[in-house]
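Reviewing the structure listed below.
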Amino acid sequence: MLDSLSTRLQSIFDRLGGRGRLSEDNIQEALREIRVALLEADVNFKVVRGFVDRVREKAVGQDVLKSLTPAQQVVKVVHDELVELLGGSGHRLAMASHPPTVIMLMGLQGSGKTTTAAKLARMYGKQGQHPILAAADIYRPAAQEQLRTLGAQLSYPVVGEAGQTPLQICRAARDEAAARGLTPLILDTAGRLHIDETMLDELKAIKRDVAPHHVLLVVDAMTGQDAVTVADKFNQAVGIDAVILTKMDGDSRGGAALSVRHVTGRPIAFVGMGEKTDALEPFHPDRLASRILGMGDVLSLVEKAQQVVDQEQAQEMVRKLREDTFTLDDFRQQLQQLKQMGPLDQVLGMLPFGKMLKGAPAELQSEQADFARFDAIITSMTPGERHNPEVINGSRRQRIARGSGTSVQDVNRLLKQYAQLRKMMRQFKGMEGKLGKLKNLPGFPTLRG
Amino acid sequence: MKFFSGIGERLREGLKRSQEYLSTGLSTVLEADRPIDESLWEELEELLISADLGAAMAADFVNRGREEVMYGTVTRAEQLRPVLRRFLLDTLGAARPLKLDARPSVILMLGVNGSGKTTTAAKLAAGLKAEGRRVILAAADTFRAAAIEQLETWGQRIDVEVVRQAAGSDPAAVVFDALKSAMARGADVLVIDTAGRLHTKSNLMDELAKLKRVIERQVPGAPHEALMVLDAPTGQNGFAQAKMFHETIGLTGVALTKLDGTAKGGIVVRIVRELGLPVTLVGVGEKVDDLQAFDPARFVDALVPAS
């Protein structure tokens, strides 16, 4: 919907012409664009006002670096300023010297507290801890049931029965955690409005009595201008130690994070990236800055790829490339890795140029369907055929098509794509050295107009 | 006919805080003796942006205001108030009641995660039942943990039958069952609660399209309403949501929830204007009768009081 800020600034400076020094005059229009971009990203207007002023101060008088255009220079200033405002990355919740470490979650209705509680438990469980959950939302129908179900899936204990008060549940959970040596204890509280005094008192009482080491505000990344009011009220009433930003797997720009950070001064610890319990990631300010500015999320993609692609497998693949022994088995493996990275459109959405590709969703979807089909076709081949596809003649094609429930045309298409890929890879071989440089891609991509 | 006879006091109550905020801001911006200058336009624009109307809509209104000043139709700041009201009223258009003539009338509730679909579905069922209609609820959110139990608890509370299957089952099968059962029992309305899904997940959007096909096949002309549930704190992304859901299955309207906070829900103005989708329902609290038919006039009254 929106062009990236870089593109829009580029056109402004193209009109102005020339490069050299950034002046009050020639960045005026650019600042207006920046303002609109931030507002469209749901950054609160008051935060935007201060932000634009700071960017003006920093940008005016700067020499345009040789490697950049004036537009890129301004975007760089904006980007750097955003990163600084968003704070450091990799904020960790310190573990208490006497277990259990108690983490309390709070937030508006529907912000994603219960799901996040389960995600946190899983994350700490994976790190070798023994988490325990407290289902302290006694108001929303079946909220306790929801956490119990999630806890059971992950095999972590969940404390909290109907009939108990939230405070009783949290106390009981703390006692149980202490008795069984479980940590951290994650308190899932009911969603509440930031202006509901009675409900805020309940949180204060829990905080006083159970003394959580970390009080986390759970904020929906799609929140608009009101994020400042919500964060401010929760902070004043209860106090916030850190923030979790949820539903970042959508296409919201997540400007609310900047607003929340601005009013509370608290770090953003984690971001929720999906409905499954493993979809919790550490927060990276540079990536969110890029996202707010519509510059894609190259690093997240790279990291996602790294997680999915086994390093040894990758090296093996490189060796095969070098020796030109890339078989259909390897092809299938590659397809599977691509599949694991998530729906293709989501993966592409993280790239700066992914937006262009989004214009062709039908094609992307057919490609996704192809993955499954290709997988079936390759599975229907004999090991010999996979190793040496040249032997696949007409009758073998018919057999493979029947075996995989596809058509001969599908088999042909696969073989053709495989052949193309091999050809492409041979060409790549020559560029191997140059490809190494891609690793240095910074959060601020050097986009050329 | 309390439920659809217009908006109750609760919307006013719920919107009071928004009203206080925006109108306090407005009265200082639009003070009678204040000169109409650049700083006034700027403040007015920011006021509209703070209600989540979006930068483009806000700029648009300011431009209209400037034109009125240029033509001499507005000479004092306070005269901009009726201009703002008219702009919002024109944009929102007339109220549209829910289509409930068919039997059964099928209402599909959908939206992103956490927007309030289940609660809204239950409140809607309760409101329709209070009007004397026979209502059935379908628990087609088979994905989220305990979503079915949540709707069932509501069903018991409001005494409405809930058609369900086991967690993890095919939502299309639940919908199919529910439609059969609604027809067999001569229900007036079937309200279908679906799983929350982000509009960017194409596989989940396909699933929704499939649900719609199942409904169409079983009951010609259905779903009679496909309502996107949107919570008032949502910012500009609400537009992207509405657009994608509309493109995927064709929405008939928007249900705006959680208006009892401080958020203004201004994004619906943009949704109405750019997608032509009406707001049909508003949620102004957690109680069963806190769901109301949307009334544009009252909505604007609450946002920008006439004086």
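Computed from a prediction, not measured in an experiment: that's the story for all the values here. Chain A is the first sequence line, chain B the second, and so forth, proteins listed ahead of strands; every chain is numbered from 1. Atoms considered below: every heavy atom in the structure, side chains included; atoms not considered: hydrogens, waters and symmetry mates.
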[X] versus chain B, heavy atoms under 4.5 Å apart: side chain, backbone, both or neither?
| X | result |
| --- | --- |
| A:Leu108 | side chain |
| A:Arg148 | neither |
| A:Thr223 | both |

Could you tell me the separation between the [atom1] atom of [X] and the [atom2] atom of [Y], rounded to the nearest 0.5 Å?
| X | Y | atom1 | atom2 | answer |
| --- | --- | --- | --- | --- |
| A:Leu39 | B:Glu46 | CG | CD | 8.0 Å |
| A:Ser252 | B:Gln241 | OG | CD | 8.5 Å |
| A:Asp42 | B:Ile267 | CG | CD1 | 7.5 Å |
| B:Asn113 | A:Asp220 | CG | CG | 9.0 Å |

| said: Heavy-atom pairs under 4.5 Å with chain B - which of A:Pro141, A:Ala256, A:Gly224 has more of them than the others? | reply: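 Option with the top pair count is A:Pro141.
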
| message | Tell me which of these, A:Arg140, A:Gln144, A:Gln153, has more heavy-atom pairs under 4.5 Å with chain B than the rest. | response |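 Looking at each of A:Arg140, A:Gln144, A:Gln153 in turn, A:Arg140 comes out on top.
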
| task | Pick out which of A:Met222, A:Glu40, A:Gln225 makes a side chain to side chain contact (heavy atoms under 4.5 Å, CB included) with B:Gln236. | result |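 Filter result, single survivor: A:Glu40.
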
Nearest non-hydrogen partners of [X] and [Y], listed with the distance:
| X | Y | answer |
| --- | --- | --- |
| A:Leu193 | B:Gly261 | CD2-CA, 3.7 Å |
| B:Lys201 | A:Asp249 | NZ-OD2, 2.5 Å |
| B:Leu204 | A:Glu275 | CD1-OE2, 3.6 Å |
| B:Ala55 | A:Val36 | CB-CG1, 4.3 Å |

| query | Side chain, backbone, both or neither: which part of B:Ser115 has a non-hydrogen atom closer than 4.5 Å to chain A? | reply |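 When you check distances to chain A, no heavy atom of B:Ser115 falls under 4.5 Å.
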
| task | Please determine, by modelled atom types, if B:Asn237 and A:Asp251 share a side-chain donor-acceptor pair under 3.5 angstrom. | result |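 Yes, a side-chain donor-acceptor pair sits under 3.5 Å.
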
| message | Do B:Glu286 and A:Gln109 pair up side chain to side chain, a donor and an acceptor below 3.5 Å, judged on atom types alone? | response |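 Side-chain D/A pair, B:Glu286 to A:Gln109: present.
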
| task | State which residues pass side-chain hydrogen bond (donor to acceptor under 3.5 Å, both in side chains) with B:Glu38; sequence neighbours excluded, sorted by chain then number. | result |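 In terms of side-chain hydrogen bond (donor to acceptor under 3.5 Å, both in side chains), with neighbours along the sequence ignored, B:Glu38 is linked to B:Arg66.
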
| request: With sequence neighbours left out, write down each residue that passes side chain to side chain contact (heavy atoms under 4.5 Å, CB included) with A:Met199, or none if nothing qualifies. | output: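 In terms of side chain to side chain contact (heavy atoms under 4.5 Å, CB included), with neighbours along the sequence ignored, A:Met199 is linked to A:Tyr139, A:Ala190, A:Arg192, A:Asp196, A:Glu202.
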
| query | Got a donor-acceptor contact below 3.5 angstrom from the A:Asp226 side chain to the B:Pro233 backbone? | reply |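 It does not hold such a pair.
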
| message | Side chains of A:Glu145 and B:Gln150, heavy atoms from C-beta outward: is any pair under 4.5 Å? | response |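 No, their side chains stay 4.5 Å or more apart.
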
